[in-house]
Enquirer: 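Sending over a structure as structure tokens; questions will come in a sec.
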Amino acid sequence: MSTEHQTETPMVEIRNVHKRFGDLEVLKGINLTVNRGKIISIIGPSGSGKSTLLRSVNQLEVIDQGEILLDGIQVNRPDKKGLAFERHINHIRQNMGMVFQHFNLFPHLSTIDNVTLAPRKLKGMDKNVARELGMELLDRVGLAEKAEVFPNWLSGGQKQRVAIARALAMQPKVMLFDEATSALDPELVEEVNRVMRGLAEEHMTMLIVTHEMGFARDVSDWAMFMDGGVVVEEGTPDKLFSDPDQERTRNFLSKHLGDHH
Amino acid sequence: MDFNLMVEVTPLLIKAAWVTIDISARGLLFGFFVACGLVFLQSFRFAPIRWFARGYISVVRGTPYFVQLLLVFYGGPSIGLKLDPFTCGVVVGAFNIGAYMSEAIRGSIESVDKGQAEAARSLGFGKVHTMVSVVLPQAAALMIRSVGVLAIVLVKNSSLVSIISVVELTYQAQRLIGSTYKPLEIFTLSALMYIVIVYAVMGIIELAYRRATRYTTQ
């Protein structure tokens, strides 16, 4: 990476974010700053609000209160309605890659077309240039030889690696991982983790929601434990995973640290 | 059975069968446009437009095709809607099958996994673009079979347009029976022709379905 690589300027800022589903408040005032090139893991029991928080960052969940900024630009814009908001958010989302638990690859498109669809259609990238980029990305996730194959012929781990390549094709400023390995057979988790580690080495800014405690501890610069829509505790991974201050964090970890996949 | 007679009337029935195919094919084509229009109207945020589409679908589904046909053909002229029998058959067929087809199309769009649209949106695709590039190609494969069933219904329903004297298969059969007094032979022949048409349609649907879902069954 270049030397002017700045690590102390915020890439993603989450300020006092609230989200309600009907009567249920799932996010109760969350704050988090993700600096450029940093990796933040969010852990917590299901229903803690961690996935909702991640989905709020690119407004797949529209928040009710608070602010989210990407590289200094406000993502949520309660002042913009309808088409104006559409145009704004579509533009913002091009700078954020998202990886889903269930991959969500486009089954009707070959692997390479999955990767190149967005740059071709959204950036108007030339077909051959897009293909070159796509092949480069597939090679990076170790799947160049599967370029012409449809997703249904791939294993879960391979699908998720293609999904990562698809997200990277837009050259995002930040990558959001929503339990990227939770739906995988245990023996397939490592190949996806390896790709994510590779991104970490290249100083990609990443926000990772995960159940993989060991991985989170290894790879993150900062870790956050959520429960009941609040941040219970956050800190360096060493501190959070070995010596948490809060009883709730300890209870959660004692249930989950044992079962490394 | 009078086989000589059957051989003799076969060319006349085949000619009439083409009219059955013609009226059904046009009904299906225009019905598809009607269906797309109804799906589109139901996506409006302005409720009265959605109610209109729902109401239309309910009326069509709640009344017999035969009555719809008679209403438009005999009732139409008193409000200035005068159609020749063939056109009337196509139009009523299209507006009838379109109502059912809109439900099939809507169902297939809704059964595309929500994660597909989310993935497209997360990449920065807008709503329309997501629909065109990601959802519809998948929905198209899902709707082929249900649209195929409706195409078969349309072929069989077309026998009813004989009542407004379109010279299709059933009308021709009745006319030949009028001059030969051989209903068993002639209706058997026309039934066989319906079977040929219906199974040809089923074959086409199956091929189209396999082609459209190659990506899951290769």
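In the text below, chain A, chain B and the rest are named by the order of the sequence lines, each starting its count at 1.
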Enquirer: Just how far is it from atom CD1 of A:I89 to atom CZ of B:R121, taken to the nearest 0.5 Å?
Expert: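 Spacing of CD1 (A:I89) from CZ (B:R121) equals 9.0 Å.
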Enquirer: Check this for me: A:K121, atom NZ, are more than 12 non-hydrogen atoms of other residues, nucleotides or ligands nearer than 6.0 Å?
Expert: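 Result for NZ/A:K121: open.
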Enquirer: Surrounding CZ of A:F106 (heavy atoms of other residues, nucleotides or ligands, distance under 6.0 Å), is the total greater than 12?
Expert: yes
Enquirer: Relative to chain B, which segment of A:R55 carries a heavy atom at a distance below 4.5 Å: side chain, backbone, both, or neither?
Expert: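 The answer is the side chain of A:R55.
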Enquirer: Which atoms form the tightest heavy-atom contact between A:A118 and B:F125, and what is the distance?
Expert: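 Nearest heavy atoms, A:A118 then B:F125: CA-CZ, 3.7 Å.
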Enquirer: Check whether B:A120 gets within reach of chain A through its side chain, its backbone, both or neither, counting any heavy atom under 4.5 Å.
Expert: both
Enquirer: Has B:Y74 got more than 12 heavy atoms of other residues, nucleotides or ligands less than 6.0 Å from its OH?
Expert: yes
Enquirer: Looking at every non-hydrogen atom in both residues, tell me the closest pair between B:G126 and A:E86 and how far apart they are.
Expert: CA-OE1, 3.9 Å
Enquirer: Is it the case that more than 12 heavy atoms not belonging to B:F44 sit under 6.0 Å from its CZ atom?
Expert: yes
Enquirer: Just checking B:K114: does its NZ atom have more than 12 heavy atoms from other residues, nucleotides or ligands closer to it than 6.0 angstrom?
Expert: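 Atom NZ in B:K114 is packed in, count exceeds 12.
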Enquirer: Quick check: do B:S122 and A:F100 have side-chain heavy atoms less than 4.5 Å from each other?
Expert: yes
Enquirer: Give the member of A:R87, A:H91, A:H102, A:R166 that has the highest number of heavy-atom pairs under 4.5 Å with chain B.
Expert: A:R166
Enquirer: Between B:K127 and chain A, with a heavy-atom cut-off of 4.5 Å, which part of the residue counts as in contact: side chain, backbone, both or neither?
Expert: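 Interface part for B:K127: both.
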Enquirer: Is there a donor-acceptor contact under 3.5 Å from the side chain of A:H108 to the main chain of B:S133?
Expert: yes
Enquirer: Does the B:Q116 side chain pair with the main chain of A:L105, one donor and one acceptor, at a distance under 3.5 Å?
Expert: yes
Enquirer: Of all the heavy-atom pairs spanning A:M170 and B:L123, show the shortest one and how long it is.
Expert: CE-O, 4.1 Å
Enquirer: For the pair A:N104 (side chain) and B:G115 (backbone), establish whether a donor and an acceptor sit closer than 3.5 Å, ignoring hydrogens and angles.
Expert: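 Yes; at least one donor-acceptor contact below 3.5 Å.
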Enquirer: Measure the shortest side-chain to side-chain distance between B:V134 and A:L117 over non-hydrogen atoms and say whether it is less than 4.5 angstrom.
Expert: yes
